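Within every chain, numbering begins at 1; the chains are lettered A, B, ... in the order of the sequence lines, protein sequences first and strands thereafter. Values in this document were obtained by computation on a predicted structure and should not be read as measured data.
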Amino acid sequence: MKLKIYNTKSKNKEIFKPLDSNNIRMYVCGPTVYDRAHIGNARPVVVFDILYRLLKYLYGEKSVTYVRNITDVDDKIIAKSSAENKSVNEITSETIKWFIEDNNYLNVNKPTHQPKATHYISQMIAMIEVLILKKNAYVLEDGEVLFSVNTFKSYGSLSKQNLESMIVGNRVDIDRRKKNPLDFVLWKPTSKNNIGWDSPWGYGRPGWHIECSAMSKEILGDTFDIHGGGIDLIFPHHENETAQSICANNKNSLANYWMHNGFVNIEGQKMSKSLGNYLTVEDLRNKNIDGAVIRFVLLSTHYRQPLDWTNRKLTEAQNIINKWFNVINNRDLNINGIPTNKILEALCDDLNIPLVITEMHNLLKEEDYDGFANSFFFLGFNSNNSIKSNNSLDKQTINEMVNLLIVERQNARKNKDYRKSDLIRIKLEKAGVTINDHGNETTWSLKPNFNPSSLLTEN
RNA sequence: GGCGUGUUGGCAGAGUGGUGAUGCAGCGGAUUGCAAAUCCGUUAACACGUGUUCGAUUCACGUACACGCCUCCA
């Protein structure tokens, strides 16, 4: 089966041809760690998790290297550290911990490498030195190093911009010291009491773009297969990154395929702290919304389109995941981890996950429960949490508690004490337990928002 | 001003040059003590205009509207 990927570079869907099919290399821009991850951060994490799973399936578990970096030096981090009177390291290590917890909650596979920028300072310095030597960069009097955009003739080719119109655009800062207003920072001088490192140009810290160039080179090599990230990164971040890497490495290309995911809106509006519609993964966890439900919503719109996060969608997703859980939990299944062909075909068509979801519905209609379950696990909907994470009760205790109430209700029904049986049902429903009566038999299942605490209270 | 994306039924959301997905909601039915869940059936759409074509929602051009990027941002 051939994987097709929409390549930002060519603006076309292309058949994916790896540089080396025994060593597929993918780099995705990860978080700047200064705050809790919002659902906009979670989208690329989940989308590229699916791609990672797919690549491993197509080329072999050990043939895929997936790098997702962590930016742990940056103005926002420094601002937060001084605002909260904590060290940069305290801020970043705490945020990284949150990020990992959120990812686990969403059942995201761990990338092969999660390099931190601060661990690659010497590689960045080395790369900047090469760029200066090759006259692609220049040093200002105060020790600031800038990349010279004019020295790279393909500058703008990834984002389809041309230099003149960008400069005409009114928002480029006019720094007279720059040879071209678009020249960007490689190394930024700073005072000794700030976080920084010694360099040939004095004490300072790296510019934003150079870290990805240095880390991808170190871990994946000069040229690799796939580079991903949010659509907003196309310009300037990825444009600058390619420019640096191509110049420093003397290669034609940094990544062969560039993939960009669309933004997340909330109820039709851009998410922002000032609008008060800022939604983090943690917020959803606190509401007991299952990771699989969040995952479902994030995947229910094609990754290149904008995704509108709405309450209505969340409810729909909850119902679907609930139904899927029931299928998985109430059957003997043959699990081999292999999704069906139609699911794979949809995934291979530039990750058409909405179509994948349609196929999941079809599998249930066709009563192909094994195919369904294997696809379900492949897509990572086998979340974790409904029982474990939101309480200290173990599965057995919950079973006993629920079964006790079920028996009580059945007895009430036999005695035609429907008032009592209805009360028990309502109580269970409130706790997130769904009752299914089939003739004389009653089965039950847990909803994604199962919360046993109300089972413990008396009526 | 430049670059880019989108406009599909009540809502969400794929896709296709000819047989008009899928989910939710709606409607009709089965089942049920009542529900829920489940199952069966069913209504309903392709922004507008011109062109290409035997035939366009699907291709081309234009118009309108919406959104994103060009500054930190996933």
Atom CD of Glu345(A) and atom C1' of A14(B): how far apart are they, to the nearest Å?
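Answer to the nearest Å: 15 Å.
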Is it the case that Thr340(A) and Glu359(A) place a side-chain donor and acceptor less than 3.5 Å from each other?
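No, no side-chain donor-acceptor contact under 3.5 Å.
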May I have the distance from Arg425(A) (atom CZ) to U32(B) (atom P), rounded to whole angstrom?
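It works out to 16 Å between those atoms.
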Taking ring pair (Phe, Tyr, Trp, His ring centres under 6.0 Å) as the test, write out the residues that go with Tyr57(A), two or more places apart.
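If we apply the ring pair (Phe, Tyr, Trp, His ring centres under 6.0 Å) test to Tyr57(A), skipping adjacent residues, the hits are Phe378(A).
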Hey, could you give me each pair passing side-chain hydrogen bond (donor to acceptor under 3.5 Å, both in side chains) that has a residue in residues 362-381 of chain A? Not counting sequence neighbours.
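Qualifying pairs, neighbours excluded: Asn336(A)-Asn374(A).
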Nearest-nucleotide wise, let me know which of Arg413(A) and Leu233(A) is further upstream toward the 5' end of RNA chain B.
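The 5'-side residue here is Arg413(A).
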Please report the distance separating the P of G1(B) from the corresponding atom of U22(B), rounded so that it comes out in whole Å.
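Roughly 44 Å separates the two P atoms.
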Between His238(A) and His260(A), does the ring centre distance come in under 6.0 Å?
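Close enough - the centres of the two rings lie under 6.0 Å apart.
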Pick the C1' atom in C40(B) and in C34(B), then give their distance to the nearest Å.
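About 22 Å, rounded to a whole number of Å.
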Compute both the distance and the angle, then confirm whether Lys76(A) meets the cation-pi test with Tyr34(A): under 6.0 Å from the six-membered ring centre, within 45 degrees of the axis.
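Yes, cation above the ring, under 6.0 Å and within 45°.
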Give a yes-or-no answer on whether the side chains of Thr32(A) and Asp74(A) include a donor-acceptor pair shorter than 3.5 Å.
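No, Asp74(A) and Thr32(A) have no side-chain donor paired with an acceptor closer than 3.5 Å.
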Distance check, P atoms only: G29(B) and U16(B), in whole angstrom units.
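Approximately 38 Å lies between the P atom of G29(B) and that of U16(B).
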Identify each atom pair where a protein N or O and an N or O of nucleotides 20-29 of chain B are less than 3.5 Å apart, giving names and distance.
unit_1: A21(B); atom_1: N1; unit_2: Thr358(A); atom_2: OG1; d: 3.3
unit_1: G23(B); atom_1: OP1; unit_2: Lys365(A); atom_2: NZ; d: 3.4

Ser82(A) and Asn85(A) side chains, donor-acceptor separation under 3.5 Å
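The criterion, which ignores hydrogens and geometry beyond distance, is not satisfied for Ser82(A) and Asn85(A).
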Could you check whether Lys179(A) makes a cation-pi contact with Tyr138(A), meaning its NZ or CZ is under 6.0 Å from the centre of the six-membered ring and within 45° of the ring axis?
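The answer is yes, since Lys179(A) meets both limits relative to Tyr138(A).
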Quote, to the nearest angstrom, the P distance that separates G51(B) from U58(B).
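One P to the other, the span is 14 Å.
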Are any of Asn352(A)'s side-chain N or O atoms less than 4.0 Å away from OP1 or OP2 of G15(B)?
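Answer yes for this pair, as a side-chain N or O of Asn352(A) is under 4.0 Å from OP1 or OP2.
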Counting the atoms with a prime plus P, OP1 and OP2 as sugar-phosphate, which does Thr310(A) contact under 4.0 Å by heavy atoms, base, sugar-phosphate, or nothing?
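Nothing: the residue Thr310(A), judged by heavy atoms under 4.0 Å, touches no strand.
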Non-neighbouring partners of Phe224(A) that pass ring pair (Phe, Tyr, Trp, His ring centres under 6.0 Å), sequence neighbours left out
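With neighbours one apart ignored, the set is His227(A).
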P-based separation of A36(B) from A47(B) [nearest Å]
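So the two P atoms sit 37 Å from each other.
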Can you name the side-chain hydrogen bond (donor to acceptor under 3.5 Å, both in side chains) partners of Thr442(A), sequence neighbours left out?
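side-chain hydrogen bond (donor to acceptor under 3.5 Å, both in side chains) list for Thr442(A), sorted by chain: Gln410(A), Asp437(A).
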Of the listed nucleotides (U5(B), C69(B), G33(B)), which one gets closest to any side-chain atom of Lys11(A)?
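Selected nucleotide: U5(B).
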Interatomic distance where CG belongs to Asp232(A) and P belongs to C69(B) [whole Å]:
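Going from CG in Asp232(A) over to P in C69(B) covers 7 Å.
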Where the side chain of Asn436(A) is defined as all heavy atoms beyond and including C-beta, which of C70(B), G15(B), A37(B) is the nearest nucleotide?
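That would be A37(B).
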Protein-nucleotide distance (Asn311(A), atom CG; A12(B), atom P), rounded to Å
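Distance, rounded to whole Å: 14 Å.
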Nucleic acid contacts - residues 236-246 of chain A versus RNA chain B, non-hydrogen atoms under 4.0 Å:
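Residues of residues 236-246 of chain A under 4.0 Å from RNA chain B: none.
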Please work out which residues in residues 30-41 of chain A have a non-hydrogen atom less than 4.0 Å from an atom of RNA chain B and list them by number.
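Residues of residues 30-41 of chain A under 4.0 Å from RNA chain B: Thr32(A), His38(A), Gly40(A), Asn41(A).
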Closest-nucleotide ordering on RNA chain B, the 5'-leading residue of Gln161(A) and Lys313(A)
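The residue whose closest nucleotide sits nearer the 5' end is Gln161(A).
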For a quick check of understanding: with a heavy-atom distance under 4.0 Å over all strands, which category does Val264(A) fall into, base, sugar-phosphate or nothing?
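Result for Val264(A) = base.
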Rounded distance in Å - CZ (Arg331(A)) to P (U38(B))
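Atom CZ in Arg331(A) sits about 12 Å away from atom P in U38(B).
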Roughly how many Å apart are C46(B) and G9(B), using the C1' atom of each and rounding to a whole number?
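G9(B) and C46(B) have their C1' atoms separated by 9 Å.
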Among the candidates A14(B), G4(B), A74(B), find the nucleotide nearest to the side-chain atoms of Asn261(A).
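In terms of side-chain proximity for Asn261(A), the closest of A14(B), G4(B), A74(B) is A74(B).
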Reckon Ser300(A) has a side-chain N or O less than 4.0 Å from the OP1 or OP2 of G13(B)?
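For G13(B), neither OP1 nor OP2 has a side-chain N or O of Ser300(A) closer than 4.0 Å.
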Atom NZ of Lys160(A) with >12 non-hydrogen neighbours under 6.0 angstrom
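Yes, enclosed.
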Listing, residues 292-310 of chain A side-chain donor-acceptor contacts under 3.5 Å, not counting sequence neighbours, or none:
unit_1: Arg295(A); atom_1: NE; unit_2: Leu379(A); atom_2: O; d: 3.0
unit_1: Arg295(A); atom_1: NE; unit_2: Gly380(A); atom_2: O; d: 3.1
unit_1: Arg295(A); atom_1: NH1; unit_2: Asp49(A); atom_2: OD2; d: 3.3
unit_1: Arg295(A); atom_1: NH1; unit_2: Leu106(A); atom_2: O; d: 2.8
unit_1: Arg295(A); atom_1: NH1; unit_2: Asn107(A); atom_2: O; d: 3.3
unit_1: Arg295(A); atom_1: NH2; unit_2: Asp49(A); atom_2: OD2; d: 2.8
unit_1: Arg295(A); atom_1: NH2; unit_2: Leu379(A); atom_2: O; d: 2.9
unit_1: Ser300(A); atom_1: OG; unit_2: Val297(A); atom_2: O; d: 2.8
unit_1: Tyr303(A); atom_1: OH; unit_2: Asp350(A); atom_2: OD1; d: 2.6
unit_1: Arg304(A); atom_1: NE; unit_2: Asp350(A); atom_2: OD2; d: 3.0
unit_1: Arg304(A); atom_1: NH2; unit_2: Asp350(A); atom_2: OD2; d: 2.8
unit_1: Asp308(A); atom_1: OD1; unit_2: Glu267(A); atom_2: N; d: 3.3
unit_1: Asp308(A); atom_1: OD1; unit_2: Gly268(A); atom_2: N; d: 2.6
unit_1: Asp308(A); atom_1: OD2; unit_2: Gly268(A); atom_2: N; d: 3.2
unit_1: Thr310(A); atom_1: OG1; unit_2: Lys313(A); atom_2: N; d: 3.1

Atom P, compared across C24(B) and U42(B): separation rounded to whole Å
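Taking atom P in both C24(B) and U42(B), they lie 16 Å apart.
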Spacing between Phe235(A) atom CZ and A74(B) atom P, to the nearest angstrom
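It works out to 17 Å between those atoms.
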All side-chain hydrogen bond (donor to acceptor under 3.5 Å, both in side chains) counterparts of Asn89(A), not counting sequence neighbours
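So Asn89(A) forms no side-chain hydrogen bond (donor to acceptor under 3.5 Å, both in side chains) with any residue.
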Rounded to the Å, how far apart are Leu307(A) CG and U5(B) C1'?
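Leu307(A) atom CG is separated from U5(B) atom C1' by 15 Å.
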How would you list, by chain and number, every residue that makes a side-chain hydrogen bond (donor to acceptor under 3.5 Å, both in side chains) with Tyr120(A), sequence neighbours excluded?
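Tyr120(A): no side-chain hydrogen bond (donor to acceptor under 3.5 Å, both in side chains) contacts found.
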For atom C1', what is the distance between A45(B) and U7(B), given to the nearest Å?
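It comes out at 12 Å once rounded to the nearest Å.
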Indicate whether the side chain of Ser10(A) and that of Glu14(A) have a donor and an acceptor atom separated by less than 3.5 Å.
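Yes - a donor-acceptor pair under 3.5 Å links their side chains.
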Base-paired stems in RNA chain B, each at least three Watson-Crick or G-U pairs under 3.5 Å:
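Consecutive-pair runs (3 or more) involving RNA chain B: B:1-7 with B:64-70, B:10-12 with B:22-24, B:26-30 with B:38-42, B:47-51 with B:59-63.
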Write down the distance between CD1 (Ile424(A)) and P (C34(B)), rounded to a whole number of angstrom.
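Between P of C34(B) and CD1 of Ile424(A): 19 Å.
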Please set out all donor-acceptor pairs under 3.5 angstrom arising from side-chain atoms of residues 415-426 of chain A, sequence neighbours excluded.
unit_1: Asn415(A); atom_1: ND2; unit_2: Asn411(A); atom_2: O; d: 3.2
unit_1: Asp417(A); atom_1: OD1; unit_2: Lys420(A); atom_2: N; d: 3.3
unit_1: Ser421(A); atom_1: OG; unit_2: Tyr418(A); atom_2: O; d: 3.1

Looking at every strand, decide which applies to Lys416(A) at a 4.0 Å heavy-atom threshold: base, sugar-phosphate, or nothing.
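No contact.
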G33(B) pyrimidine/purine six-ring stacking with Tyr418(A), under 5.5 Å and 30°:
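Stacked: ring centres under 5.5 Å, planes under 30°.
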